[in-house]
Amino acid sequence: MSVMPYNPAEIEPKWQRIWEDQHAFEAEFPSDKKKYYCLIEFPYPSGQGLHVGHPRSNTALDIIARKRRMEGYNVLYPIGWDAFGLPTENYAIKNHIHPSIVTKENVDHFRSQLKKLGFSFDYTREVNTTDPEYYRWTQWIFLKLFEKGLAYKSEMPINWCPSCKCGLANEEVVDGKCERCGTEVTRRVKSQWMLKITAYAEKLLDGLDHVDFIERVKVQQRNWIGRSEGAEVLFALTLPNETLKVYTTRPDTLFGATYMVISPEHPLIEKYKDQITNYADVAAYRDAAAKKSEFERTELAKDKTGVQIEGFRAINPVNGKEIPVWVSDYVLMTYGTGAIMAVPAHDQRDWDFAKKFHLPIIEVVAGGKNVQEECFPDVATGKLVNSDFLNGLSVAEAKKAIIDWLTEKGIGERKVNFKLRDWVFSRQRYWGEPIPIIHCPCCGAVPLKEEDLPLLLPDVEAYEPTDSGESPLSRMTDWVNVKCPRCGADAKRETDTMPQWAGSSWYFMRYCDPHNRNALASKEALDYFMPVDWYNGGMEHTTLHLLYSRFWHLFLHDLGVVSAPEPYQKRTSHGMILGENGEKMSKSRGNVINPDDTVAEIGADAFRMYEMFMGAFDQAIPWSTSGARGCRKFLDRVWRLQDILTDEEAISQDMMVPFHQTIKKVSEDYEAMKFNTAIAQMMTLVNQINTKGSITKGELRMLLLLLSPVSPHICEEMWAQNGFGAPLHHQPWPTWDDNYLTEDLTEIAVQINGKVKAKLMVPTGMTREEGLAELPNREEVVKLVAGREIVKAVYVPGRLFNLVVK
RNA sequence: GGCGGCAUGGCGGAAUGGCAGACGCACCGCACUCAAAAUGCGGCGGGAAACCGUGUCGGUUCAAGUCCGACUGCCGCUACCA
């Protein structure tokens, strides 16, 4: 008997319809079952449509979601659209179409592409960040942050993209260039909304100890938060009642401080302009530094510049010595106190600076080479010298001693600093959430009342940003001019909008209760579904989205909105898919693979399988069209197993071991995201079945169960065609029996001096003692030893037998 | 400069310290075919062989792709963070 050929173009849409009609993948609430929440990063619905990178993450968690359902969990695996953002706005400007229309078209296209891949998303819970019913809650969270003093407006130099005409967060500046358009970023002073993420620095750091994130992610977040322990020290100045505070991680080297440096933006310069005898030089240096972009500052990092301030000096508190104060842009106003004590002997930057300007270098930690020739920054080995009461101590001991001394004298104290900066939250753009604040000349910034949310984005004629740097909304006078809700005076609305990171900072909470009109989600739904059990996404979101959303979630937890402190229990990350030439896929390189084309050629099941089989999940892998066809060939082979199907119900005795090994391997490898080896194991099994020449019904059922999370359509179809009963996705996940994992006899390797010389069959249970007693007498072994003296024998049960001979 | 990761056939990649190269791709041979495609079967690191082979050099071990030390080369993140 021979079945019809495998035709994914027919069976895939059929099963997608059946799943939809049966509401097969909708999460229940309320439910008595245990929940499992799988999450992938919701896509930005770009005009280009789906990229082959999206299905890599989606398929991986689809496998987990489908397996969990078969294990009896109430699975939440949702999808939505992160739809605010610049590309849509730019497209709208160029083509004179409203961004909301562009967004709708793109979302529809994306959804249809995803549906063709058969992901088991719960489409009834779709969210869209541009939906007023969604962004009213984004605005609500902002109001709460404002209420708690975590949202504030601040005049500050921001990164300005002259091309996008928009302020950028530090995180959106890459190599001194705009992340989006590549234009060199300049600095511009503007009044900006800021979110005080720094208030959560410690919690964001501590929370990492309680979640199961891959180590890379933890390390990157820790680095980004950048906690450092040190001390603040007050230096007296030769000015009446004036001190200069510095932050240092090396208070132990205080005796080696030979000069000080303040940042060009340091207020001391303006305050004492009359006392600074070379003020003109200092001011000129400051103004030149201000003009430099972040990029230029970094580029010129190697070559230190600076000006010595004439007119006053500082006094080193430990030895009373007067030391000069310099201005240099290697000291940043935005970190620490904007001023440092310079210890050239033990800090590379200070050393470079001292060498250039011929400043004294005094060794205070012995153990390196001549500090006049080479800086010695090591903290592990040296002992203190030239440091009075610290002499002879290790660096760690000296740190403690000097901090105690400073604290006692009241001129210093222990201090923890973070690299993390507050989040610049304003965008001078149209296509984002309006910030629900009214500026009143009397009352200042007045929040909208909660019942007035959502503050709708008004329709405007032109979305172009203005040259003045104001948002396009500023031109909407009818919308901008309002009465102050507090005092009734004429007031103006805030015209900046929120960044794209806003809507994506809480979307996983909305999925729990997406149609709620009274709250961002009900407490009951949040307490049931949160936290996300498994979140997979790109490494590029580690320091931005992943940190921002943890911040918002921790904040909402403090507010009592949600019980879980951390939003994500587990975070994994997929590797990038490269073009066939091994380079990053891009239009300009002409190496983009379109998922639609691949699905049309080999089907969604084979496409999904290839995405999982191509290599280690967390590594970057080049696409291979012939490799993808190989997966289609495998599914053809699976399909043709029906040609050799017998009427036997059970798994035959001689196949028990291979099947149980496969159940174990596949089950464990899916969990460890080792999808490639899980699939390889199933290929091996199918090869074995083909060699044997027949397959029983029980064997086919088992294979289909194991394969179905990867390639669900073909498995459902074969399941139904062969009358295997209730739909496959309702079947329980199979379990293995350890008794069937091994054969009676095991092949081991026989080594002489560590080199494999022969293979032997031994009873599987043979212990180390039995092996050592019996194996040297085996005929094959005696032959290999050839009369030489056996110095040592090692038997590793089930593995090998090694003889060391002379 | 700092932090992290990686290095295995022609290619993607397997391998709790225990038989290196599973599985797949490409390629070669054979069968089927008038022929090709598809499919099936077989081969496929180097070497005539002894043997040699997991970026380089050392070390630990009965045994190292795997652990340790030094180095080289790529990739990612970060970057004058005091």
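The chains referred to below are lettered A, B, ... by the order of the sequence lines, with proteins before strands, and numbering in each begins at 1.
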For [N], does either OP1 or OP2 sit under 4.0 Å from a side-chain N or O belonging to [X]?
X        : N     : answer
A:Lys584 : B:G76 : no
A:Arg629 : B:A26 : no
A:Asn676 : B:A14 : yes
A:Arg799 : B:G17 : no
A:Asn687 : B:G24 : yes

Close side-chain approach of A:Val327 to A:Gln308, heavy-atom, < 4.5 Å: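 Counting from C-beta outward, A:Val327 and A:Gln308 never come under 4.5 Å.
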Could you check whether [X] pairs with [Y] (Lys NZ or Arg NE/NH1/NH2 to Asp/Glu carboxylate O, under 4.0 Å)?
X        : Y        : result
A:Asp636 : A:Arg632 : yes
A:Asp252 : A:Lys400 : no
A:Lys664 : A:Glu668 : yes

Tell me which nucleotide among [options] gets nearest to the side chain of [X].
X        : options             : answer
A:Gln220 : B:U16, B:C77, B:A82 : B:C77
A:Lys759 : B:C19, B:U78, B:C25 : B:C19
A:Thr677 : B:C62, B:A14, B:G12 : B:A14
A:Trp224 : B:A82, B:A79, B:C51 : B:A79
A:Pro622 : B:A63, B:G12, B:C3  : B:G12
A:Asn802 : B:G40, B:C25, B:A63 : B:A63
A:Lys633 : B:G18, B:C25, B:U78 : B:C25
A:Ser626 : B:C62, B:G13, B:A26 : B:A26

Base-pairing string, 5' to 3', of RNA chain B - Watson-Crick or wobble, under 3.5 Å, | interstrand: (((((((..(((.....[....))).(((((.......))))).((....))..(((((..]....))))))))))))....
Between B:C27 and B:C11 - P atom distance, rounded Å: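 The answer is 15 Å between these two P atoms.
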Nearest-Å distance once atom C1' is located in both B:G10 and B:U16: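 Taking atom C1' in both B:G10 and B:U16, they lie 31 Å apart.
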Rounded to the nearest angstrom, tell me the gap between atom [atom1] in [X] and atom [atom2] in [N].
X        : N     : atom1 : atom2 : answer
A:Leu800 : B:U61 : CG    : P     : 19 Å
A:Gln661 : B:A22 : CD    : C1'   : 13 Å
A:Asp636 : B:A37 : CG    : C1'   : 14 Å
A:Gln751 : B:G17 : CD    : P     : 17 Å
A:Lys245 : B:A82 : NZ    : P     : 17 Å
A:Arg216 : B:U78 : CZ    : P     : 14 Å
A:Phe801 : B:G18 : CZ    : P     : 19 Å
A:Ile602 : B:C25 : CD1   : P     : 12 Å

Worked check of side chain to side chain donor-acceptor pair (under 3.5 Å) between A:Glu580 and A:Thr625: CA-CA 8 Å; A:Glu580 294 208 69; A:Thr625 299; 2.8 Å; yes
[X] near the nucleic acid: base, sugar-phosphate alone, or nothing, with a heavy-atom cut-off under 4.0 Å?
X        : answer
A:Lys757 : sugar-phosphate
A:Ile340 : base
A:Thr542 : nothing
A:Lys674 : sugar-phosphate
A:Gln681 : nothing
A:Val796 : base
A:Arg637 : sugar-phosphate
A:Gly630 : sugar-phosphate
A:Val219 : sugar-phosphate
A:Ala616 : sugar-phosphate

Over-ring placement of A:Lys304 relative to A:Tyr330, 6.0 Å and 45° cut-offs: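 Yes, cation above the ring, under 6.0 Å and within 45°.
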Going by atom types only, do [X] and [Y] share a side-chain donor-acceptor pair under 3.5 Å?
X        : Y        : answer
A:Thr684 : A:Asn687 : no
A:Glu41  : A:His545 : no
A:Gln681 : A:Thr662 : yes

Test salt bridge (Lys or Arg N to Asp or Glu O under 4.0 Å) applied to A:Arg768 and A:Glu774, step by step: CA-CA 10 Å; A:Arg768 183 165 275 123; A:Glu774 187 194 319; over 6 Å; no
